[in-house]
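As structure tokens, the structure follows; a few thoughts come after it.
Values below: all heavy atoms of this structure, side chains included; hydrogens, waters and symmetry mates excluded. When a ligand or atom number is given, it counts from 1 through the structure's own listing order. Treat the numbers as computed from the prediction; the structure is a model and nothing was measured.
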Amino acid sequence: MANLVATVLEPGAAPVAEGAAAGRARPAGRNPRSAIKKVAFAHPSEEEFARLLDFYQIEWVYEPRSFMLQWEGERVTEMFTPDFYLPALDLYIEMTTLKPGLTSVKNRKVRRLRELYPDVKIKLLARRDYDRLVAKYGHGPLAGAKTEGVGRILFSADQIQMRVRQLAKEVSRDYQGRRILLVGVLRGMLCFMADLMRYLEVPADVDFMALSYYGGENGGEAVRITKDLEMNPSGRHVLLVEDIVDTGMTLTYVLAHLEAYQPASLAVCTLLDKKVRRLTDVPLAYIGFEVPDEFLVGYGLDYREEYRNLPFIALVKQEEKKDETAAPPAARERQKP
Ligand code: IMP
Ligand code: MG
């Protein structure tokens with residue numbers, strides 16, 4: 001099992017991962033499923049998360065490290081083995097998707113880990129956050145939740161216009177004397193792109209890309225570009241225009257793709273930043289609004305192709321679906337160090 005080969009770290013040790021890789025995803029050309037199959041995940045949601053990371057081509061290692069949290073003399077009395085390590089991001093992820101009762105224990109362990117190993121980056125992915133994350137792709141217990149219409153309005157049409165005009169001013173100032181290539185990933189940025197370009201005071205070309213999405217009809221095992229740019233971004237000043245940055249996984253992939261063309265410059269302008277959900281850190285040059293961890297619709301954003309045409313941005317009222325997977329069979333649970 002993966003944690004049998006885990007390296008034990010003491011406080012002060014360098015938090016780098018080498019060796020001891022239990023399930024390393026996607027060395028070029030290899031089937032990521034094979035990496036997943038080799039790992040004995042403690043919970044099905046961990047396997048699903050690994051699949052999601054594979055889809056976005058984010059390398060992961062399952063439980064590569066155990067951290068000493070408490071000891072009496074030579075004897076270690078408490079250890080902690082985070083679920084995932086993402087080498088490219090130098091980030092550990094602990095999923096608290098098992099028994100709710102374990103959550104407080106994990107929270108405490110994570111706090112202690114942060115105290116003892118201040119250089120170690122760790123993110124807790126709570127059950128609720130995780131369910132929302134995969135629901136976005138049509139998986140998990142919240143996926144089937146019906147909407148009960150549009151809830152509170154977060155940004156009115158006027159507020160949006162005001163902010164977009166300000167953003168366009170900043171962009172125009174920063175790109176003075178240059179011609180921009182605005183790139184949009186279909187389809188959420190539609191309204192934002194259309195308004196932004198009209199307020200720009202510098203010349204701009206526009207082009208679009210489309211991606212397959214996780215669990216989608218043509219999703220497959222890894223994210224793919226289903227529609228690439230028609231203009232050549234090489235040597236151009238590329239401004240990627242996004243509706244919303246959530247985990248950042250889509251953006252990371254798109255930026256890597258665009259960077260390969262060697263543009264003269266590459267920056268991101270996003271209308272909304274759902275910062276609390278970020279997994280992969282991406283540099284955002286322009287941000288319209290920071291938003292809470294809620295599902296938003298309108299002004300181009302959809303919930304299953306619904307509500308895109310609203311002129312404002314609002315919360316979507318989601319029916320609280322009963323969570324059948326909250327208590328997995330005891331056999332599936334494994335108390336970890
Ligand atoms: P990421 O890869 O997790 O950052 O996902 C970004 C994409 O997810 C966005 O471009 C949107 O298409 C979609 N998305 C994330 N949050 C929302 C939301 O609240 N409403 C609608 N779409 C969203
Ligand atoms: Mg998008």
Side-chain angles (χ1 to χ4, degrees), residues 48-49 51-58 60 86 88-89 91 93 123 125 128-140 142-143 145 147 149-155 160 182-193 196 208-216 219 222-227 240-258 268-284 286-310 312-318:
E48 163 127 53
F49 184 61
R51 202 154 283 169
L52 183 63
L53 293 171
D54 272 355
F55 185 80
Y56 285 102
Q57 306 185 356
I58 297 166
W60 54 269
L86 313 182
L89 313 173
L91 176 71
I93 292 184
K123 211 176 164 93
L125 200 55
R128 176 94 198 139
D129 300 336
Y130 177 76
D131 287 347
R132 284 182 184 188
L133 182 67
V134 292
K136 205 175 82 173
Y137 308 103
H139 293 266
L142 302 178
T147 64
V150 165
R152 188 162 65 85
I153 293 178
L154 230 56
F155 306 108
I160 296 171
L182 298 171
V183 171
V185 179
L186 294 168
R187 292 177 289 240
M189 52 71 236
L190 193 72
C191 298
F192 179 43
M193 174 84 103
L196 184 77
F208 302 97
M209 291 172 61
L211 303 178
S212 63
Y213 58 94
Y214 182 73
V223 61
R224 271 185 315 111
I225 291 165
T226 54
K227 184 213 169 308
L240 186 67
V241 178
E242 268 284 18
D243 47 351
I244 184 164
V245 183
D246 187 4
T247 63
M249 292 195 285
T250 311
L251 196 55
T252 302
Y253 177 79
V254 172
L255 286 177
H257 174 75
L258 292 173
V268 180
C269 176
T270 184
L271 179 65
L272 306 174
D273 181 10
K274 215 186 262 183
K275 207 178 188 161
V276 293
R277 294 236 299 188
R278 196 65 34 81
L279 285 178
T280 60
D281 266 321
V282 273
L284 304 176
Y286 308 93
I287 299 167
F289 303 102
E290 197 175 306
V291 292
D293 183 10
E294 300 279 359
F295 203 84
L296 308 172
V297 291
Y299 196 65
L301 294 167
D302 73 307
Y303 178 73
R304 303 205 188 144
E305 297 308 321
E306 218 57 66
Y307 312 118
R308 270 196 212 281
N309 56 338
L310 297 174
F312 48 80
I313 294 173
L315 306 183
V316 58
K317 273 199 231 157
Q318 258 163 321

Do any nitrogen or oxygen atoms of Leu296 come within less than 3.5 Å of a nitrogen or oxygen of ligand 1?
yes
Has the side chain of Arg278 got a donor or acceptor atom that lies under 3.5 Å from a matching backbone atom of Asp246?
yes
Are Tyr299 and Phe312 an aromatic pair, judged by ring center distance below 6.0 Å?
no
Could you list the residues that satisfy side-chain hydrogen bond (donor to acceptor under 3.5 Å, both in side chains) with Tyr286, not counting sequence neighbours?
Asp174
Pick one of side chain, backbone, both or neither for how Glu242 approaches ligand 1, counting any non-hydrogen atom pair under 4.0 Å.
side chain
Would you mind running through ligand 1 and noting each atom that sits below 4.0 Å from a heavy atom of Thr250?
1 (P), 2 (O), 5 (O), 6 (C)
Numbering as shown, the atoms of ligand 1 that approach Glu294 to under 4.0 Å (heavy-atom distance)
19 (O)
More than 12 heavy atoms from other groups under 6.0 Å of NZ on Lys275:
no
Can you list the ligand 1 atoms lying under 4.0 Å from a non-hydrogen atom of Asp302?
21 (C)
Here the atoms of ligand 1 under 4.0 Å from any heavy atom belonging to Lys274 are 16 (N), 17 (C), 18 (C), 19 (O)
Of all the atoms in ligand 1, which lie at a distance below 4.0 Å from a heavy atom belonging to Thr247?
1 (P), 2 (O), 3 (O), 4 (O)
What's the shortest heavy-atom distance between Phe295 and Asp302, and which atoms?
CE2-O, 3.3 Å
Check each atom of ligand 1 against the heavy atoms of Gly248 and keep those under 4.0 Å away; list them by number with element.
1 (P), 3 (O), 4 (O)
Below 4.0 angstrom, N of the basic side chain to O of the carboxylate: do Arg277 and Glu294 qualify?
no
Can you find a non-hydrogen atom of Asp243 under 4.0 Å from ligand 1?
yes
Check whether any side-chain heavy atom of Val268 sits under 4.5 Å from a side-chain heavy atom of Val282, and report yes or no.
no
I need the contact type for Leu301 against ligand 1. Using non-hydrogen atoms and a strict under-4.0 Å cut-off, is it side chain, backbone, both or neither?
side chain
